[in-house]
Amino acid sequence: MDNTKITTKAQLKDWISYELAKYGHREGGVILPFSERYILCKHVKLLRRTEYHANCGHRIRKIIYKIRLNRLQLKYSIHVPVNSCGRGLKIMHAGPILINGKSKLGKDCSLHINTAIVAGGVSRGAPHLGDGVVVGVGAVILGPIHIANNVAIGANAVVNKSVQEENIAVAGVPAKKISNNGRLEWNKRD
């Protein structure tokens, strides 16, 4: 899992350009204002700049960026806490996403609409996702569990137990292994 935090301007620029490329944005390119892609690219920039200023102790800038980020997140119901996601986060659509502040996501994770990564019941523990995890539409991941690298979580799945095996697909309520074809296998087909 990529637990590094953005602490330099070079890291900030690198993370933002890497994540914008996932949305098909080229440097110097123009995106139509208020399109879905524009909103998601704006979210990437605000999230990462807020993290940078928070990590560097820039109190006033952190507050300004946090306010701007919160306004955008409230408008589109995208609740991604600062410093919870590794480099390469991709949100597939502008819409409801909820991540617990204690959750940690590895690098290159993809989240679809209506997903929740939250603490479950009376437990105070939150999920930790490995690198390259894909969370399908409407999936819920809850409790103090760990999801291995390159796991694909199916649409509307409820994952309440750790997934230790890498590069598999899980689905259902409660989620169970359904295939040996995780994210890596799907990427080979493209």
Side-chain angles (χ1 to χ4, degrees), residues 1-6 11-25 29-55 61-120 125-143 145 147 151-159 175 183:
M1 211 182 309
D2 187 7
N3 290 329
T4 60
K5 295 181 179 182
I6 303 171
Q11 273 183 315
L12 175 65
K13 185 177 180 182
D14 177 54
W15 282 41
I16 289 175
S17 64
Y18 181 78
E19 290 178 352
L20 290 179
K22 289 180 166 278
Y23 295 102
H25 180 60
V30 177
I31 300 175
L32 295 173
F34 305 109
S35 67
E36 183 177 49
R37 193 166 70 150
Y38 174 84
I39 293 161
L40 295 171
C41 288
K42 185 175 181 179
H43 181 264
V44 163
K45 292 176 187 175
L46 286 173
L47 176 66
R48 298 313 184 185
R49 287 180 179 145
T50 303
E51 290 175 348
Y52 167 70
H53 292 299
N55 297 337
R61 288 186 190 147
K62 176 187 101 173
I63 291 168
I64 292 168
Y65 275 99
K66 185 72 172 161
I67 290 168
R68 291 178 63 197
L69 177 65
N70 284 343
R71 287 178 64 200
L72 183 74
Q73 287 186 343
L74 288 171
K75 184 174 183 178
Y76 296 101
S77 296
I78 301 171
H79 300 286
V80 179
V82 172
N83 290 320
S84 64
C85 301
R87 180 177 182 257
L89 173 68
K90 182 171 183 188
I91 297 173
M92 304 307 272
H93 298 285
I97 292 176
L98 176 61
I99 300 176
N100 183 293
K102 294 180 181 176
S103 294
K104 295 292 178 198
L105 282 68
K107 62 183 179 179
D108 294 317
C109 288
S110 298
L111 305 175
H112 286 269
I113 197 166
N114 290 331
T115 59
I117 302 170
V118 295
H128 288 230
L129 280 61
D131 298 340
V133 174
V134 178
V135 182
V137 176
V140 177
I141 304 167
L142 62 137
I145 63 173
I147 307 297
V151 171
I153 298 171
N156 295 317
V158 176
V159 184
R183 182 179 189 151

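Values below: every heavy atom of this structure, side chains too, minus hydrogens, waters and symmetry copies. What you are looking at is a predicted structure, and each value in this text was computed from that prediction instead of being measured.
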Worksheet entry | Side-chain heavy atoms of Y52 within contact of V82, under 4.5 Å | no
Worksheet, complete the sentence: Residues G101 and P81: closest non-hydrogen pair is CA-CG, 3.6 Å
Worksheet item: Got I141 and V118 here, is their nearest side-chain heavy-atom distance under 4.5 Å?
Response: no
Worksheet item: Heavy atoms, side chains only, cut-off 4.5 Å: are H79 and I97 in contact?
Response: no
Worksheet item: Taking the side chain from N55 and the backbone from K5, do they hold a donor-acceptor pair closer than 3.5 Å?
Response: no
Worksheet, complete the sentence: All heavy atoms of Y18 vs all of G88, minimum pair found to be CE2-CA, 3.5 Å
Fill in: Separation of R61 CZ from R49 CZ (nearest 0.5 Å)
12.0 Å
Worksheet item: Should K107 and L89 be marked as a side-chain contact (heavy atoms from CB on, under 4.5 Å) after you check the CA-CA gap, both sets of side-chain angles, and the distance that decides it?
Response: CA-CA 7 Å; K107 62 183 179 179; L89 173 68; over 6 Å; no
Item to complete: Check side chain to side chain contact (heavy atoms under 4.5 Å, CB included) between S110 and all other residues, then give those that pass, not counting sequence neighbours.
Response: K90, M92, V134, R183
Worksheet item: When rounded to the nearest 0.5 angstrom, what is the spacing between CG in L69 and OG1 in T50?
Response: 4.5 Å
Practice prompt. Over all heavy atoms of both residues, which pair between C109 and G132 is shortest? Give the atoms and the distance, please.
Written response: SG-N, 4.2 Å
Fill in: Gap between atom NE2 of H128 and atom OG of S84 - 0.5 Å precision
10.5 Å
Fill in: Listed partners of K22 passing salt bridge (charged side-chain N to carboxylate O under 4.0 Å, His left out), at least two apart
D108
Worksheet item: To the nearest 0.5 Å, how far apart are CD1 in I16 and CZ in R48?
Response: 8.5 Å
Practice prompt. For N70, enumerate each residue passing the side chain to side chain contact (heavy atoms under 4.5 Å, CB included) test, keeping only those at least two apart in sequence or located in another chain.
Written response: K66, Q73
Item to complete: For S103 and I99, indicate whether the former's side chain and the latter's backbone hold a donor-acceptor pair under 3.5 Å.
Response: no
Worksheet item: With sequence neighbours left out, what residues match H93 under side-chain hydrogen bond (donor to acceptor under 3.5 Å, both in side chains)?
Response: E36
Practice prompt. Using atom types as modelled and distance alone, determine if a side-chain donor or acceptor of E51 lies under 3.5 Å from a backbone N or O of I6.
Written response: no
Worksheet item: How far does CZ of R37 sit from CG of L20, to the nearest 0.5 angstrom?
Response: 10.0 Å
Worksheet item: Does any non-hydrogen side-chain atom of W15 lie less than 4.5 Å from one of V44?
Response: no
Discussion item. Please give me the minimum heavy-atom distance between I91 and Y23, naming the atom from each residue.
Written reply: N-OH, 2.8 Å
Response to the item:
Exactly one candidate in N100, L142, L111, V80 meets side chain to side chain contact (heavy atoms under 4.5 Å, CB included) with I117; the answer is L111
Discussion item. Taking ring pair (Phe, Tyr, Trp, His ring centres under 6.0 Å) as the definition, give me every residue that meets it alongside Y65, ordered by chain and number, with sequence neighbours left out.
Written reply: H53
Practice prompt. Would you mind reporting whether I78 and L72 have side-chain heavy atoms less than 4.5 Å apart?
Written response: no
Fill in: 4.5 Å side-chain heavy-atom contact, K104 and L129
no
Worksheet entry | 4.5 Å side-chain heavy-atom contact, V135 and H112 | no
Worksheet item: Does some side-chain heavy atom of D131 sit less than 4.5 Å from a side-chain heavy atom of L105?
Response: no
Worksheet item: Can you name the residues that form a side chain to side chain contact (heavy atoms under 4.5 Å, CB included) with I63, not counting sequence neighbours?
Response: I67
Worksheet entry | Closest approach of G136 to T115 (non-hydrogen atoms, all atoms of both residues) | O-CG2, 3.1 Å
